[in-house]
*Asks:* 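Can you read through this structure? Questions will come right after.
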Amino acid sequence: MTGGGESVRGAGQGPPIVLVLGVSGSGKTTVGKAVAERLGVTFVEGDGFHSAANVAKMTAGHALDDADREPWLRALADRVRRSAEAGEGLVLACSALKRAYRDELRAAAGARLWCLYLALDRDTARDRVSRRTGHFMPARLVDSQFATLEPLEPDEPGLTLDATVGLPAALARVRAAVADFGPSTGR
Ligand SMILES: Nc1ncnc2c1ncn2[C@@H]1O[C@H](COP(=O)(O)OP(=O)(O)OP(=O)(O)O)[C@@H](O)[C@H]1O
Ligand SMILES: O=C(O)[C@H](O)[C@@H](O)[C@H](O)[C@H](O)CO
């Protein structure tokens, strides 16, 4: 897999601040929770920071635009900054589809942001989202997610992971990247 190519250790001192990103259905919540448990750090669900208006817009089948995402990203950046300043680790599940969105979160985290990009094909994303129950995101918005997506770039510390590999393999890949982490996160 391609990706930033740096280990989490390369992301700086202290416990990691991991951004799990990708389109809807890529498994950010599923993988992010497992990674947080593995690292022994707090998991934060980015969807929980959307305004009611944003959720209503997506539920009605309309994609968010930059203006809709701006207050959401600001709130997430504040959350990330709080952990960074406290020296705490964090796993944040957040679509972060554009490079500029990730740059905003990276600025809030200082050198400690490490990106786990879950790369998924469109058909699988659509299939997963349409089968999922109890979630506001309609499958017809999956195309807009791909239209907006800017994949992880080589200079962004992190890892690009095939999102179809399954949880055990995903965790093994992350574990390899975080293997050198210190006692505050290692298990
Ligand atoms: N590796 C996987 N293999 C098969 N199914 C998966 C995998 N990862 C997640 N799923 C399933 O795909 C669906 C979407 O997963 P999840 O909710 O974690 O994605 P997400 O990226 O957080 O989505 P969203 O951004 O829409 O909240 C869920 O039903 C989940 O069980
Ligand atoms: O930036 C966005 O378009 C949104 O964050 C979406 O990605 C949704 O929140 C998510 O996919 C729904 O679960």
Side-chain angles (χ1 to χ4, degrees), residues 1 3 18-39 42-80 90-106 108 115-152 156 158-177:
M1 277 287 114
V18 177
L19 169 62
V20 186
L21 69 117
V23 297
S24 184
S26 57
K28 301 180 295 292
T29 302
T30 307
V31 174
K33 281 182 177 167
V35 169
E37 171 150 354
R38 168 69 181 79
L39 295 175
T42 301
F43 172 77
V44 171
E45 174 57 68
D47 276 345
F49 286 65
H50 276 306
S51 65
N54 276 3
V55 173
K57 185 171 181 178
M58 289 186 275
T59 304
H62 305 291
L64 300 184
D65 58 25
D66 283 350
D68 297 318
R69 293 188 182 112
E70 195 270 330
W72 173 62
L73 286 163
R74 198 172 347 113
L76 289 173
D78 286 346
R79 179 63 188 84
V80 164
L90 188 73
V91 174
L92 170 64
C94 165
S95 51
L97 297 173
K98 291 189 185 182
R99 169 73 192 248
Y101 304 163
R102 301 192 290 275
D103 285 347
E104 184 171 348
L105 298 173
R106 192 176 291 114
C115 292
L116 179 62
Y117 165 46
L118 300 177
L120 190 60
D121 64 278
R122 199 178 290 240
D123 286 346
T124 308
R126 206 182 283 115
D127 184 58
R128 285 186 187 176
V129 173
S130 59
R131 285 173 195 273
R132 187 173 55 179
T133 55
H135 196 289
F136 61 82
M137 192 70 172
R140 66 184 184 276
L141 279 185
V142 165
D143 278 346
S144 73
Q145 294 272 292
F146 281 90
T148 307
L149 176 67
E150 296 171 0
L152 196 65
E156 296 184 89
L159 179 70
T160 294
L161 191 66
D162 177 349
T164 65
V165 296
L167 199 52
L171 281 174
R173 292 295 308 276
V174 174
R175 196 156 44 232

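One-based numbering, in listed order, for ligands and for the atoms of each. In this chain, residues are counted from 1 in sequence order.
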*Asks:* Would you please determine whether Gly166 falls within less than 4.0 Å of ligand 1 on a heavy-atom basis?
*Replies:* yes
*Asks:* List the closest protein heavy-atom neighbour of atom 11 (C) of ligand 1: residue, atom name, distance to the nearest 0.1 Å.
*Replies:* Arg128 CD, 4.1 Å
*Asks:* Can Arg131 be said to touch ligand 1, with heavy atoms closer than 4.0 Å?
*Replies:* no
*Asks:* Just distances here: any N/O of Trp72 and N/O of ligand 2 closer than 3.5 Å?
*Replies:* no
*Asks:* Check this for me, if you would: do Arg102 and Glu150 make a salt bridge, where the nitrogen-to-carboxylate-oxygen distance has to be below 4.0 angstrom?
*Replies:* no
*Asks:* Would you mind listing which atoms of ligand 1 come within a distance below 4.0 Å of any non-hydrogen atom of Val23?
*Replies:* 21 (O)
*Asks:* Arg128 and Thr164: side chain to side chain contact (heavy atoms under 4.5 Å, CB included), yes or no, with the steps?
*Replies:* CA-CA 11 Å; Arg128 285 186 187 176; Thr164 65; 4.3 Å; yes
*Asks:* Which value, rounded to the nearest 0.5 Å, describes the distance between Leu21 atom CG and Ser26 atom OG?
*Replies:* 7.5 Å
*Asks:* Could you go through Glu104 and Leu76, starting from their C-alpha distance and side-chain angles, then the distance that decides it, and tell me whether this counts as side chain to side chain contact (heavy atoms under 4.5 Å, CB included)?
*Replies:* CA-CA 9 Å; Glu104 184 171 348; Leu76 289 173; over 6 Å; no
*Asks:* Which residue supplies the protein heavy atom nearest to atom 20 (P) of ligand 1, what is that atom called, and how far is it?
*Replies:* Lys28 N, 3.5 Å
*Asks:* When you look at Val20 and Val35, which way does the side chain to side chain contact (heavy atoms under 4.5 Å, CB included) test go after all the steps?
*Replies:* CA-CA 9 Å; Val20 186; Val35 169; 5.5 Å; no
*Asks:* Does an N or O anywhere in Arg69 fall below 3.5 Å from an N or O of ligand 2?
*Replies:* yes
*Asks:* Any idea which protein heavy atom is nearest atom 11 (O) of ligand 2, and the distance to it?
*Replies:* Ser24 CB, 3.2 Å
*Asks:* Quick one: pull up NE2 in His62 and CG in Asn54 and give me the separation to the nearest 0.5 Å.
*Replies:* 13.0 Å
*Asks:* For atom 24 (P) of ligand 1, which protein heavy atom lies nearest, and how many Å away is it?
*Replies:* Arg132 NH1, 3.4 Å
*Asks:* Would you please determine whether Gly25 falls within less than 4.0 Å of ligand 1 on a heavy-atom basis?
*Replies:* yes
*Asks:* Looking at non-hydrogen atoms alone, which of Val31, Thr124, Leu21, Asp47 comes nearest to atom 27 (O) of ligand 1?
*Replies:* Asp47
*Asks:* Among protein heavy atoms, which sits nearest to atom 31 (O) of ligand 1, and what does the distance come to when rounded to 0.1 Å?
*Replies:* Thr30 OG1, 4.2 Å
*Asks:* For ligand 2, is Phe136 a contact, meaning one of its heavy atoms is under 4.0 Å away?
*Replies:* yes
*Asks:* Could you find the nearest protein heavy atom to atom 26 (O) of ligand 1 and give me its residue, atom name and distance?
*Replies:* Ser24 OG, 2.5 Å
*Asks:* With a 4.0 Å cut-off, would you call Arg126 and Asp143 a salt bridge?
*Replies:* yes
*Asks:* Would the distance check show the side chain of Lys28 and the main-chain N or O of Leu19 forming a donor-acceptor pair, the cut-off being under 3.5 Å?
*Replies:* no
*Asks:* Do Val165 and ligand 1 have an N or O pair less than 3.5 Å apart?
*Replies:* no
*Asks:* Salt bridge or not for Arg74 and Asp78, using N-O below 4.0 Å?
*Replies:* no
*Asks:* Quick test: of every protein heavy atom, which one is nearest to atom 9 (O) of ligand 2, and how far off is it to 0.1 Å?
*Replies:* Asp47 OD1, 2.6 Å
*Asks:* Looking only at protein heavy atoms, which one is nearest to atom 6 (C) of ligand 2, and what is the separation?
*Replies:* Gln145 NE2, 3.6 Å
*Asks:* Provide the number and element of each atom of ligand 2 under 4.0 Å from a heavy atom of His50.
*Replies:* 4 (C), 5 (O), 9 (O)
*Asks:* Got Asp47 and Phe136 here, is their nearest side-chain heavy-atom distance under 4.5 Å?
*Replies:* yes
*Asks:* Could you go through Arg79 and Thr42, starting from their C-alpha distance and side-chain angles, then the distance that decides it, and tell me whether this counts as side chain to side chain contact (heavy atoms under 4.5 Å, CB included)?
*Replies:* CA-CA 12 Å; Arg79 179 63 188 84; Thr42 301; 4.2 Å; yes
*Asks:* For Thr164, is at least one N or O under 3.5 Å away from an N or O on ligand 1?
*Replies:* no
*Asks:* Going from CD on Gln145 to CG on Leu120, what distance comes out if it is rounded to the nearest 0.5 angstrom?
*Replies:* 11.5 Å
*Asks:* Arg132 to ligand 2: N or O pair under 3.5 Å?
*Replies:* no
*Asks:* Is ligand 2 under 4.0 Å from a heavy atom in the side chain of Ser95, in the backbone, in both, or in neither?
*Replies:* side chain
*Asks:* Considering only heavy atoms, which of Gly27, Ala163, Pro138, Ser26 lies nearest to atom 1 (N) of ligand 1?
*Replies:* Ala163
*Asks:* What distance do Phe49 atom CZ and Leu92 atom CG have between them, rounded to the nearest 0.5 Å?
*Replies:* 7.5 Å
